[in-house]
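Only a predicted model underlies this, so the values are computations on that prediction, with no experimental measurement involved. Sequence lines set the chain letters: A, B, ... in the order given, protein chains first and strands last, and positions in each chain run from 1.
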Amino acid sequence: MDSRSAPRPAADPKPFQRTGLDLLTRFHIVDKIAKIYDPRNSIFQEQGRHLFETLDAVLKEAGAASLRVRHGGVLLNGARLKFGVATYGMFKAVIEEFRARSVEAVTFLPGISREELQTFMSVFAKRETKGGDVFPRLLDDLAAAGVDRVELERSSSEEAPQGVRQSSARLFFLSIVHLKESFARNQRDEPIKISTTRRLMQSIYDHIIEDEGFIYGLTNIKNHDEYTLNHSVNVCLLAAALGRRLGLSRAELVDLGMAAFFPDLGKTETPLEILNKPGRLSDDERAIMEKHPFHGAEKLALLREFRRLPLRAIHVALEHHIKEDFSGYPRYFRKSDVNLYSKIVKVVDVFDAITTKRVYRTKDFTRAEALSLMLEQSGTEFNPVILKVFVNMMGVFPVGTLVALTTGELGIVQDIPPDPSLILRPAVKLITDANGNKVDGETVDLTERDPETGRFKRTIATSLDPSKYGLEVAEYFLAQAGP
Amino acid sequence: MSIVHPGPLQGTAPAEPADPVRFEKVKDLLHALANTVSAMKIFPSEHATVRNFVDQLARRFADFLADYQKLQVCVEEYSLTFMGRPAYIDEIATKSLPFFFFKDGLQALFFYQGLDRLEIMDFLELIKAESQKAAEDCDIVVALWERDFPNIQYYAPDEFLENRILSESQDLRALQAPSGLPDDISGETIEVRVDASKFSQGRIELDAADRDEVAKAAARAAEEPGPGSAEEAGTANALGQASEAKGHLSPAAAMDPTLTEAELQSLETMVRANRTISPEEEYIDLMVEIIFLEENAAGCKATLDALLAYNLEQLELGHFHVAALIIQKVQELGRHVAGDAPRAALIEDFLGRMVSPETIAAIRNLLARTKAVDWESLLGFFWLLGPSSLGLAADLYGIAPDGEARHKIVDFIEKTGGPQPGLLASLADKARPGLAREIVGILSRLPGDRGIPHLAAFVSFQSKEVKSEVIKALGRARHETAGRILAGFLNDPDEEIRIQAVMTLDPARGGARVRQVLGEASSRAFRKKSLDEKKALLAFLGRTRSAEALDFLRRRLLAAPLLASRASLEMRLAAVAGLESMATEEAVRALQRGAIGRAKKVREACEEALLRLPPADGTGP
């Protein structure tokens, strides 16, 4: 960047947000088109014109237009653009595009012509992102194409993925330690360290935006001896990620994470022989079991440090077994609705629970099966819109799903593409070759095509039950976090 | 990783800064920052001193960032360093700005071009707010994260959080590391280790069913059209539906991933509702539901106690509408569980405890902090409590900051206490004469003089003003007990009160009073009274126009001892006043006789009285 003063957002944030979103959307559309079409193509030209007009409006208003990727969000001229459920995929795609090229900011300078803008977009979109340092090559390409009214700022905050993953995995286990300690403190009537919980949630949020797919991968960890703790941490991670998709703010996501962290605090009141009883519970035992939301809520409500705990934590503790049709338990005497956070936690709680082997359950489901099962109960057990967003988030083949490819290879789903239209084509880590020999293989992108036939190189044939083949999926993720 | 840092932190200090001019600028800037933080701890933010400090600091930041675009400062225990050298040092932990950052694991701060005065001010306010919090609540890193400044970033590594969690966990000695976790979890750090070599050892042989499934899918994939097919068009839904029709893909794959307008709208409504609902109402609703669900009396009471404590907190914050909500909702619950006697009793007890010395203390604390109290909603809260809050309202009267607030309280007391005048009278307190006067007013205004008998309670009050109000009220009243109560004031230690009382006595209802006054006027004690009081007493007799009174007054006027004492003179003068107020023909004639008497003062008094009265023949002066 040169030393010019940074452009500022307009005083009135609402129109600015609209313009900013418009600019980002246009950028995203042209970026996608530019990967396929030549700049002379009429679709490219048409969309390029829209992008130019939007950019021109921003330049006239603010003097410059700087798109910056920071903290997993996008800033226009220093102001954070807010995303919602409808724009999440677009945000994520743009962020990925920037990251893949090690670009932190793109600044369009006044005087840029439509032609120069289209040239920039074409070069930017087509720049191969694999193999070595992309950023200097992108700069060279732009210079060669005569683009001089667009400035790029290199991203210097990228941690090596290994470092981020290591940190994420440690955070996962730390969360269990902290939750265990919180349960113990609560049982001893000692104050829970809520400020530590809050800071932990903030860190979890940071990790989710750094490497969302890996966080989903960690939720494959199923520690059967510490089921409640492990489950609570999984629920917390998935709830925060889902809340982010739903457009909740940073602060709301931290509250949601905290709310999702403690809902099973009441299980400390439930006898272990009931919690872990194989087979069906008697009516009396069921009645005791169904008391745990109430006990959890009551414990939270009476915490001495309750004021520092989000109120919604009590909601979630009390309501996470109430169904969308208001059946389930407990039964209210007056309230006729369920809090949004409770609806979110309800979805992720069931998902994690039914994908975990438990002595009392006759069948545990693979992640893909779980989503299908849950969809059958959309509208009765789950809020249909939240469930739909969750399915989009997890993908048809959620992260951690063991899949067989049409090539005969086996792999584990690593990441879901942000574009819902590519939901069937996640990134997959290969764990066997076509002959079934185990390999510590690379992660392949199922959207990749064979350049000769134009067909996709690999397609998922089916999902498999990892336990049937003695696989611990979580280990494949934890290995990525190794020192 | 709470992070946000644009590159590796600078290493340990070089001996000399590479750019001494730049270093000096940073030094000045950091001192200005620390001084501004200190000033803000002393003065309010809008104070001229603070404004001046902030202006200077903003100027320094602007100049520096215009030249260098970015400022990166590292945080040490007692110093802020730039380019590896301390640029600001403060070793007194209680006030040290570096230590304030350091204690929460903050290792670096980054300030970027674009930082303006507004953002600087927000940053300073944040520091101030955090530094005022209790130790267990204060965490500058948490606060910075929440505030998410566009041009101020920080670096606080997760190791700090890790150490904190592990040390807090170790504090709980009985805890053991969760089984199945890495062995060293209870040590100082967590290491995640997986033997990755096993990933490439051995084979996975699919069972027949899975093998068959894969083979079929592979065959289908080979048959499917290439580019341009439904899948190629890029719609998962198209693929999902196509495959679903063949029974191969799951319902999740068949689902259209795009959210419809209606779904987006529904989601937006949910999120908005979540943001707009009052957290207080949400909390009360929840607590009420918890009370409803609680089967154990002790648990029920504990939750009610928590709600009561919350009520006090809200009162201290001036959120009276919240207190009102608590009452409404608990009353509703009370009606719902009316058949459950033990629980209904607990709720009844709770409602009773809503009015307590703690309640008034909470409101008193609020008033000590601010005058901006919403009295309407406070009284709204009282209305819900009904007459049981009258005592509280009376207490509040004394601490109400202005006439308007007092007026509203009196209005509430009048309307709520009206049906129970005895209760109203009991609110009056000798120590609160202002309120007592208001209550006298209320009692006197009650229809049908219902409040008049209760004014008797004020006869023993010390306050002259109160008693005067009571006498006035009694004077206006037609209630038969008014005279009796007024007579009680005839023995008041204060002469003015006695005079006012006797002047207020109704002569038409004076039978017993006439005898009382006559008796008094004939007593030796009467001589000791002042002339004014004597006149007032005998004027009362005069107003009765009774033969008994005329006889008494005439005799007193015309009795002319040879050696006139002061007492006899005053008695005669008082009799003049009595006859004047009697204003009958007989009284005029008596005055005419007095006007020709020997005693000059008596004579003059009679002459003056006659001038004010119509003549006995009715022609008038």
Item to check | Residue A:Leu340 versus chain B: region with a heavy atom under 4.5 Å | outcome: both
Checklist entry - Between A:Gln202 and B:Val142, is there a donor-acceptor pair closer than 3.5 Å when you use the side chain of the first and the backbone of the second? => result yes
Item to check | From OG1 (A:Thr459) to CZ (B:Arg220), nearest 0.5 Å | outcome: 10.5 Å
Next on the checklist: Need one label for B:Glu268: side chain, backbone, both or neither, based on atoms under 4.5 Å from any heavy atom in chain A.
Outcome noted: neither
Checklist outcome for this item: Rounded to the nearest 0.5 Å, the CD1 atom of B:Ile277 sits from the CG atom of A:Asp337 at a distance of 6.5 Å
Checklist entry - Do you know which of B:Arg164, B:Met287, B:Arg211 has the most heavy-atom pairs with chain A at a distance under 4.5 angstrom? => result B:Arg164
Checklist entry - When rounded to the nearest 0.5 angstrom, what distance separates CD in B:Glu280 from CG in A:Leu311? => result 9.0 Å
Checklist outcome for this item: In this structure, CD1 of A:Ile176 is separated from OG of B:Ser169 (nearest 0.5 Å) by 12.5 Å
Checklist outcome for this item: Looking only at A:Met374, A:Arg331, A:Glu376, most heavy-atom pairs under 4.5 Å shared with chain B are made by A:Arg331
Next on the checklist: Looking at every heavy atom in both A:Val391 and B:Ala252, which two are closest together, and how far apart are they?
Outcome noted: CG1-CB, 4.1 Å
Checklist outcome for this item: Minimal heavy-atom distance between A:Leu200 and B:Leu161, with the atoms involved, is CA-CD2, 3.8 Å
Next on the checklist: Any donor-acceptor pair under 3.5 Å linking the side-chain atoms of B:Glu168 with those of A:Thr196?
Outcome noted: yes
Checklist entry - Heavy-atom distance under 4.5 Å to chain B: side chain of A:Leu373, backbone, both or neither? => result neither
Checklist outcome for this item: Under 4.5 Å to a heavy atom of chain B? For A:Phe294 that would be side chain
Next on the checklist: Run the ring-ring contact (aromatic ring centres under 6.0 Å, His included) test against B:Phe199 and tell me which residues pass, sequence neighbours left out.
Outcome noted: A:Tyr476
Checklist entry - Is the backbone of B:Asp256 close enough, under 3.5 Å, to the side chain of A:Lys388 for a donor and an acceptor to pair up by distance? => result yes
Item to check | Heavy-atom closest contact (B:Ala253 atom, A:Leu424 atom, distance) | outcome: CB-CD2, 4.0 Å
Checklist entry - Who wins among A:Met394, A:Lys438, A:Lys468, A:His315 for the most heavy-atom pairs under 4.5 Å with chain B? => result A:Lys438
Item to check | Heavy-atom contact with chain B under 4.5 Å, split by part of A:Leu171 | outcome: side chain
Checklist entry - Can you say whether A:Leu375 sits under 4.5 Å from chain B via the side chain, the backbone, both, or neither, judging by heavy atoms? => result side chain
Item to check | Interatomic distance, B:Thr303 atom OG1 to A:Glu298 atom CD [nearest 0.5 angstrom] | outcome: 4.5 Å
Next on the checklist: Report which part of B:Leu333 has an atom under 4.5 Å of a heavy atom belonging to chain A: side chain, backbone, both, or neither.
Outcome noted: both
Next on the checklist: Quick check on A:Asn339 against chain B: is it the side chain, the backbone, both or neither that has a heavy atom closer than 4.5 Å?
Outcome noted: side chain
Checklist outcome for this item: If one checks every heavy atom of B:Glu282 against chain A at 4.5 Å, the contacting part turns out to be both
Item to check | Non-neighbouring partners of A:Glu252 that pass salt bridge (charged side-chain N to carboxylate O under 4.0 Å, His left out), sequence neighbours left out | outcome: B:Arg275
Item to check | Atom of B:Val214, atom of A:Ala461 and distance for their closest heavy-atom approach | outcome: CA-CB, 4.0 Å
Item to check | Under 4.5 Å from a heavy atom of chain A, the part of B:Leu264 involved | outcome: side chain
Next on the checklist: One pair to check against side chain to side chain contact (heavy atoms under 4.5 Å, CB included): A:Asn383 and B:Met270. What are the steps and the verdict?
Outcome noted: CA-CA 11 Å; A:Asn383 178 279; B:Met270 275 192 287; 3.7 Å; yes
Next on the checklist: So B:Leu293 and A:Leu318, do their side chains get closer than 4.5 Å, heavy atoms only?
Outcome noted: yes
Next on the checklist: Would you say that B:Glu295 contacts A:Lys291 through its side chain, given a criterion of any heavy-atom pair below 4.5 Å between the two side chains?
Outcome noted: yes
Item to check | Salt bridge flag under 4.0 Å for residues B:Glu162 and A:Arg170 | outcome: yes
Checklist entry - With only heavy atoms counted, which part of B:Gln201 is less than 4.5 Å from chain A, the side chain, the backbone, both or neither? => result backbone
Checklist entry - With a 4.5 angstrom heavy-atom cut-off, which part of B:Leu206 approaches chain A: side chain, backbone, both or neither? => result both
Next on the checklist: Tell me which of these, B:Ala217, B:Ser200, B:Ala218, has more heavy-atom pairs under 4.5 Å with chain A than the rest.
Outcome noted: B:Ser200
Item to check | Side chain / backbone / both / neither for B:Asp305 at chain A, heavy atoms under 4.5 Å | outcome: neither
Next on the checklist: So B:Ile290 and A:Ile314, do their side chains get closer than 4.5 Å, heavy atoms only?
Outcome noted: yes
Checklist entry - Do NZ/NE/NH1/NH2 and the carboxylate oxygens of A:Arg198 and B:Asp139 come within less than 4.0 Å? => result no
Checklist entry - With a 4.5 Å heavy-atom cut-off, do A:Phe333 and B:Val337 have their side chains touching? => result no
Next on the checklist: For chain A, which candidate among B:Thr260, B:Asp195, B:Val271 shows the most heavy-atom pairs at distances under 4.5 Å?
Outcome noted: B:Val271
Checklist entry - Tell me, side chain or backbone of B:Asp207 under 4.5 Å from chain A's heavy atoms, or both, or neither? => result both
Next on the checklist: Just by distance, no angles: are the side chains of B:Asp285 and A:Tyr332 close enough, under 3.5 Å, to form a donor-acceptor pair?
Outcome noted: no
Checklist outcome for this item: What one should report as the nearest heavy-atom pair of A:Leu302 and B:Ala302 is CD2-O, 3.7 Å
Checklist entry - Distance from A:Arg199 atom CZ to B:Asp104 atom CG, nearest 0.5 Å? => result 6.0 Å
Checklist entry - In terms of heavy-atom proximity below 4.5 Å to chain B, should A:His295 be classed as side chain, backbone, both, or neither? => result neither
Checklist entry - Please walk me through it: do B:Leu267 and A:Val389 pass side chain to side chain contact (heavy atoms under 4.5 Å, CB included)? => result CA-CA 10 Å; B:Leu267 195 54; A:Val389 176; 4.3 Å; yes
Checklist entry - Where the side chain of A:Asn392 meets the backbone of B:Pro257, is there a donor-acceptor pair that is under 3.5 Å apart? => result yes
Checklist outcome for this item: Whatever's closer than 4.5 Å to a heavy atom in chain B on A:Arg312 counts as side chain
Checklist entry - Counting distance only, does the side-chain N/O of A:Arg250 pair as donor-acceptor with the main-chain N or O of B:Trp145 below 3.5 Å? => result yes
Item to check | Most contacts with chain B, counted as non-hydrogen pairs under 4.5 angstrom, among A:Thr197, A:Thr406, A:Ile221, A:Leu248 | outcome: A:Thr406
Next on the checklist: Whether the side chain of B:Arg203 engages the backbone of A:Asn435 through a donor-acceptor N/O pair (distance < 3.5 Å, no angle test) should be reported.
Outcome noted: yes
Item to check | Note: B:Glu289-A:Arg334 ion pair, threshold 4.0 Å (strictly below) | outcome: no
Checklist entry - In terms of heavy-atom pairs under 4.5 Å, which option from A:Leu246, A:Val439, A:Thr407 contacts chain B the most? => result A:Val439
Checklist outcome for this item: Turns out that what part of B:Ser197 lies under 4.5 Å from chain A's heavy atoms comes down to neither
